[in-house]
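Every value quoted in this text rests on a predicted model; they were computed, and no experiment measured them.
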Amino acid sequence: MLPLLALSILSLSVIIERLWFWFRILNQEREIVNRILYAARDNWAGATQLAKRATDQPIGRFLYAPLRLSRPDPELFRLALESTAEDEIAAMRQGEKILEAVIALAPLLGLLGTVLGLIRSLRNIRLGDLGTASAAGVTLGIGESLISTAAGLLVAIISLAFYRLFQAFVVNQVKVFRKAGSELEVLYRQTWDDSGADIQSTVPRANIVQRDTTEGYRIPPRSEKKGPDASPL
């Protein structure tokens, strides 16, 4: 029972910490995403400042990672989103290994306590004591030994329930990150394509002017010959 008590305290501490973590995320995440995406439609500098102020949240750090870069190309923009998303999702899974260990160990420790209790109870019983008052103590000992199994199963069941709940939160965050990142990337690609189109539209025009001035209006070289035989041209 003492190891089970230690596991229950460990599991409870992880559950409380993760509940507070997810409460802060789910309470502010939607507002942060909407504000940053709305600002990015007209003002990228404003969107960058909003994302920077929200870096205490995973979604804020995720959106700020590509925005802090100086004029990245779309491929680099996407890579910044992907690498940051992997780090943030891994951080969200913090504590899962502890809960997995509690889920696996608690029933086994409970079963071990029951087996040890049965061994101790059956060791003291003799065939001649069956049906007498001395056998009642053995029955009581067997009943007490089963408490450890029940306690181990209870700790494992509670830990498993919250473990599955936290996993569902992580899966939902993957969807939120993918949607927000895709929308931000689309907005950035539109801006990048527009700026690239402006540059491309000016480059051919400059080449045409240069070709016209160098080929269409070429001036023949003047003769270096001087004297009475020299040509006027």
Side-chain angles (χ1 to χ4, degrees), residues 12-100 159 161-210:
L12 184 61
S13 63
V14 172
I15 290 172
I16 294 176
E17 188 273 334
R18 289 288 92 185
L19 286 176
W20 174 245
F21 172 81
W22 286 111
F23 174 78
R24 291 188 295 109
I25 289 180
L26 301 178
N27 192 36
Q28 304 176 11
E29 184 178 58
R30 185 181 298 274
E31 180 181 358
I32 293 174
V33 172
N34 291 337
R35 291 176 61 186
I36 294 176
L37 292 179
Y38 181 80
R41 291 184 176 92
D42 301 320
N43 185 4
W44 284 98
T48 303
Q49 292 299 322
L50 289 175
K52 185 177 182 180
R53 289 198 295 267
T55 50
D56 59 330
Q57 297 288 332
I59 191 66
R61 293 190 293 270
F62 169 69
L63 297 178
Y64 180 64
L67 294 177
R68 66 183 177 182
L69 302 177
S70 177
R71 293 292 297 169
D73 59 85
E75 183 66 19
L76 182 60
F77 192 92
R78 182 178 60 83
L79 289 176
L81 286 173
E82 291 179 353
S83 60
T84 307
E86 292 178 359
D87 295 338
E88 294 299 331
I89 295 300
M92 291 178 183
R93 296 184 180 276
Q94 182 180 355
E96 287 188 358
K97 295 299 182 181
I98 296 178
L99 291 179
E100 290 177 355
S159 300
F162 282 99
Y163 173 76
R164 291 300 185 185
L165 177 63
F166 298 149
Q167 279 193 329
F169 286 158
V170 172
V171 172
N172 182 68
Q173 285 300 299
V174 172
K175 297 178 181 178
V176 172
F177 276 37
R178 183 182 294 114
K179 182 179 179 181
S182 299
E183 292 181 4
L184 186 65
E185 184 180 358
V186 168
L187 292 174
Y188 185 78
R189 284 183 178 272
Q190 290 176 350
T191 305
W192 178 269
D193 291 340
D194 293 340
S195 62
D198 294 339
I199 296 174
Q200 293 297 328
S201 62
T202 58
V203 171
R205 190 178 299 118
N207 293 336
I208 292 173
V209 173
Q210 184 179 5

The ring pair (Phe, Tyr, Trp, His ring centres under 6.0 Å) partners of Phe21 (sequence neighbours excluded) come to none

Hits for salt bridge (Lys or Arg N to Asp or Glu O under 4.0 Å) against Glu17, two or more places apart or cross-chain, chain-then-number order -> none

Between Val14 and Gly95, the two heavy atoms sitting closest are CG1-O, 3.8 Å

In this structure, CG of Leu67 is separated from OH of Tyr188 (nearest 0.5 Å) by 9.0 Å

Note: Leu81 and Gly181 closest approach over all heavy atoms is CD1-O, 3.6 Å

Taking only distance into account, with no hydrogens and no angle test, what donor-acceptor pairs under 3.5 Å do side-chain atoms of residues 33-43 form with protein atoms, sequence neighbours excluded?
{"unit_1": "Asn34", "atom_1": "ND2", "unit_2": "Arg30", "atom_2": "O", "d": "3.2"}
{"unit_1": "Arg41", "atom_1": "NH1", "unit_2": "Leu37", "atom_2": "O", "d": "3.4"}
{"unit_1": "Asn43", "atom_1": "OD1", "unit_2": "Ala45", "atom_2": "N", "d": "3.2"}
{"unit_1": "Asn43", "atom_1": "OD1", "unit_2": "Gly46", "atom_2": "N", "d": "3.3"}

For Pro72 and Leu76 the tightest heavy-atom approach is CB-CD2, 3.7 Å

Residues 166-183 vs side-chain hydrogen bond (donor to acceptor under 3.5 Å, both in side chains), sequence neighbours excluded, gives Glu29-Gln173, Tyr163-Gln167, Arg164-Gln167

Residues passing the side-chain contact (heavy atoms from CB on, under 4.5 Å) test with Ile16, sequence neighbours excluded, are Leu12

Quiz item: Does Ala80 offer a backbone N or O that forms a donor-acceptor pair with the side chain of Ser83 under 3.5 Å?
Solution: yes

Which atom pairs, one a donor and one an acceptor, fall under 3.5 Å between side chains of residues 51-58 and the rest of the protein, sequence neighbours left out?
{"unit_1": "Thr55", "atom_1": "OG1", "unit_2": "Lys52", "atom_2": "O", "d": "2.9"}
{"unit_1": "Gln57", "atom_1": "NE2", "unit_2": "Gln28", "atom_2": "OE1", "d": "3.3"}

Here the ring-ring contact (aromatic ring centres under 6.0 Å, His included) pairs for residues 167-187, sequence neighbours left out, are Trp22-Phe169, Phe62-Phe177

Rounded to the nearest 0.5 angstrom, the CG-CD1 distance for Leu19 and Ile15 is 7.0 Å

Separation between CD1 (Ile98) and OG (Ser159), nearest 0.5 Å, reads 11.0 Å

Begin from the C-alpha positions of Leu50 and Tyr64 and carry the test side-chain contact (heavy atoms from CB on, under 4.5 Å) through to its verdict. CA-CA 9 Å; Leu50 289 175; Tyr64 180 64; over 6 Å; no

Salt bridge (charged side-chain N to carboxylate O under 4.0 Å, His left out) pairs touching residues 74-90, sequence neighbours excluded, are Arg61-Glu88, Glu75-Arg78, Arg78-Glu82

